[in-house]
Colleague: 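Attaching a single structure in C-alpha cells format; questions to follow.
Note that this is a predicted model, so its numbers are computed, not measured. Note that these values count all heavy atoms, side chains included, but never hydrogens, waters or copies made by symmetry.
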Amino acid sequence: QLLRSMAGVASIPDARIHSTCVSGAPKTAILKQLQEERGDWGEKIFLEDKLSTLEKVCADPDLGDWRLLLADWGYNTERERCRA
C-alpha cells in the first residue's frame, strides 16, 4: 500500500504488482512474460529503484513499449536520478 501511494498508483490491484523476490526471475524476464500473457493492454509501467535495472530494460529491444520510472528512494543516488 505504501509503495503504491508513494508512486501515485494507488488504484493498481495487487494481482498486477509482481515481485522478483517471490519468483526469483530476472525483472526483464518478468516484463517479457507479462507482455506475452496480457498482450496489448494499454500503457505498461515499470517502477524501479535501481538505475542499472532500468538500463537493462532499455537495452532489451523486446521491452521498448514500457514506460520506465526511477523511484527516488532505495538503491539510487541523486546523481543517478539526474542521469535518468
Colleague: Just by distance, do the side chain of D49 and the backbone of A71 share a donor-acceptor pair under 3.5 Å?
Modeller: no

Colleague: If you round to the nearest 0.5 Å, how far is CG of L51 from SG of C82?
Modeller: 11.0 Å

Colleague: For the atom pair CG (L69) and CD1 (I45), what is the distance rounded to the nearest 0.5 Å?
Modeller: 6.5 Å

Colleague: What pairs meet the salt bridge (charged side-chain N to carboxylate O under 4.0 Å, His left out) rule with one or both residues in residues 72-84, with sequence neighbours excluded?
Modeller: E55-R83

Colleague: Before you tell me yes or no, could you show the steps for Q35 and W66 under side chain to side chain donor-acceptor pair (under 3.5 Å), namely the whole-Å CA-CA distance, both residues' side-chain angles and the distance that decides it to 0.1 Å?
Modeller: CA-CA 10 Å; Q35 282 185 163; W66 287 83; 2.8 Å; yes

Colleague: Is the count of non-hydrogen atoms from other residues, nucleotides or ligands lying under 6.0 Å from K56 atom NZ greater than 12?
Modeller: no

Colleague: Looking at CG of L63 and CZ of F46, how far apart are the two atoms once the value is rounded to the nearest 0.5 Å?
Modeller: 9.0 Å

Colleague: Supply the atom-to-atom distance D62 CG to L31 CG, rounded to the nearest 0.5 angstrom.
Modeller: 11.0 Å

Colleague: Could you tell me which residues satisfy side-chain contact (heavy atoms from CB on, under 4.5 Å) with I30, sequence neighbours excluded, listed by chain and number?
Modeller: H18, T20, S23, A25, L34

Colleague: Return each pair, listed once, that meets side chain to side chain donor-acceptor pair (under 3.5 Å) where at least one residue sits in residues 25-34; pairs must be two or more places apart or across chains.
Modeller: K27-E48, K32-D60, Q33-E37

